[in-house]
Amino acid sequence: MKKDNLFQTINSEWNRFHSKSKKNNFRKEIKLHSPTFGPEEITSFAHQMITTNVTMGTKVSDFEKKFSKMFSFKHSITSNSGSSANLLMVAALRNRNTKNHLKEKDEVIIPALTWSTSLFPLLQYGLTPVFVDCDLDTLNIDINQIESAIGPKTRGLFITHVYGNPCNMDDIISLCKKNNIILFEDSCESMGAYYKNIPVGSFGIASSFSLYFSHHITCMEGGITVTKNKTLSETMKIIRSHGWIRNCENKKKWLDLYKNFNPKFLFVDEGYNLRITEPQAIMASLQLKKLKYFVRKRRSVSKYFRKKLSKFKNIFKFQKEEKNAFHSWFGFPLTIMNKKIDRDKICKFLNKHGIETRPVVSGNLYKQPAVKHVTKRVYGKLENANYVMENSFSLGCHQDVKSEEIDYVADLINKYLREKL
Ligand SMILES: Cc1ncc(COP(=O)(O)O)c(C=O)c1O
């Protein structure tokens, strides 16, 4: 079947399958996520399957080049999730071939309000996390606490741009320079966000992105680690694929060192298999072209949410965009500031009326059971992260949220608050 015919078939099947939701344009519901892909991506995906070239190859490297070009990153290394992108980054920063690499028991400062798989690679690689509280307005790490949290063993700072809100990079960079700290970024929630017109992911020695279904663009599951550092990039390519050199740009270096080995099966490091596939890379390349549109939509949805909910600003704190930041709104987080309003109860009420909600990232990660028995340090009481864990929730803020649906949420909230206050 020709690609055009394949598209016709997939397109009509897509329309048939989704006709119910399309017909009734205004649905009394807001989902947390909505697919960013459609018949175009599915057709190209299926077409690539037909070629049977499915395992990592030229389509993956094409996508990596496109991603680097779009954001002026030097090296982009794809992997099968944002979590794997973090794992690769930390593994490479700990690797003996990396100049000035992190060593066992070195401390890395992380925000208490971040995702679990920002933390876990640190633990898996023998590093000690130091938890620092978040700022209740921006939800990013509280910059005022970072410097005091630095101890004699602190070597790294692993920031997260929470929900697409770029951290205050001027202050963070000068703090890292002053204290000789290695900076790396978790940008998994913030593709398409900028600080002073510079894309997130450009500031640290390396940074991660996610291509999971609910993110700004997707290839179902996927991740990307970016870096300016050639050695780190080569190390990540080795670790991503079995520990072999096959995907390195500079294989000669290794072949000169280990002359008696078959170049195809020369394993120089402990690795995993974290690769994405060719059909996924095709899908990701198509999605990349639509990223600006999706971010624009997310920004306008968040603007309308803030407008419609502004009359409740004594009750809710909205996430404050950092100064000089271009926020890409992974979701729309709200923090309840009135003791009479119970977060779980209002969420239950909204859920009952078709509005999906979720907690904001992991809440205070330090409190999670998985963290109880690990070696760690904590700075201060993490009061804000605790507060977010108990009192914040987020709403869907994607390209398919319509203004009538936001009006509907505002009416529901109004009704709920009238009853409770
Ligand atoms: C801040 C952050 N880091 C890492 C991840 C992990 O990404 P993935 O789900 O692609 O593994 C997520 C997931 O949403 C995240 O929010």
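Start at 1 and go down the list; that is how both ligands and their atoms are numbered.
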(message) What protein heavy atom lies closest to atom 8 (P) of ligand 1? Include the residue and the distance to one decimal.
(response) G82 N, 3.5 Å

(message) Using a plain distance cutoff, I'd like to know if S210 has any nitrogen or oxygen under 3.5 Å from a nitrogen or oxygen of ligand 1.
(response) yes

(message) Would W115 count as being in polar contact with ligand 1, using the rule that some N or O on each side must be under 3.5 angstrom apart?
(response) no

(message) Considering non-hydrogen atoms of the protein only, which is the closest contact for atom 3 (N) of ligand 1, and what is the distance?
(response) D186 OD2, 2.7 Å

(message) Can you tell me which portion of H215 lies within the under-4.0 Å heavy-atom range of ligand 1? Options are side chain, backbone, both, or neither.
(response) side chain

(request) For the residue pair F213 and F37, categorise the inter-ring angle as parallel (less than 30°), tilted (30 to 60°) or perpendicular (more than 60°). (result) perpendicular

(request) Please determine if E189 has a nitrogen or oxygen closer than 3.5 Å to a nitrogen or oxygen of ligand 1. (result) yes

(request) Sort out for me which residue in R240, R96, R94 forms a salt bridge (Lys or Arg N to Asp or Glu O under 4.0 Å) with D269. (result) R96

(request) Can you sort out which atoms of ligand 1 are near T160, meaning under 4.0 Å from one of its heavy atoms? (result) 1 (C)

(request) Could you grab the distance from atom CD of E322 to atom OG1 of T138, nearest 0.5 Å is fine? (result) 4.0 Å

(message) Taking 4.0 Å as the limit for heavy-atom contacts, which would you say applies to S83 with ligand 1: side chain only, backbone only, both, or neither?
(response) both

(message) I want to check a possible cation-pi pair here: R299 against F294, using under 6.0 Å from ring centre and within 45° of the ring axis as the test.
(response) no

(message) Return the NZ to CD distance between K230 and E249, rounded to the nearest 0.5 Å.
(response) 4.0 Å

(message) For F267 and H242, I'd like to know if the aromatic rings sit close, meaning centre-to-centre distance below 6.0 Å.
(response) no

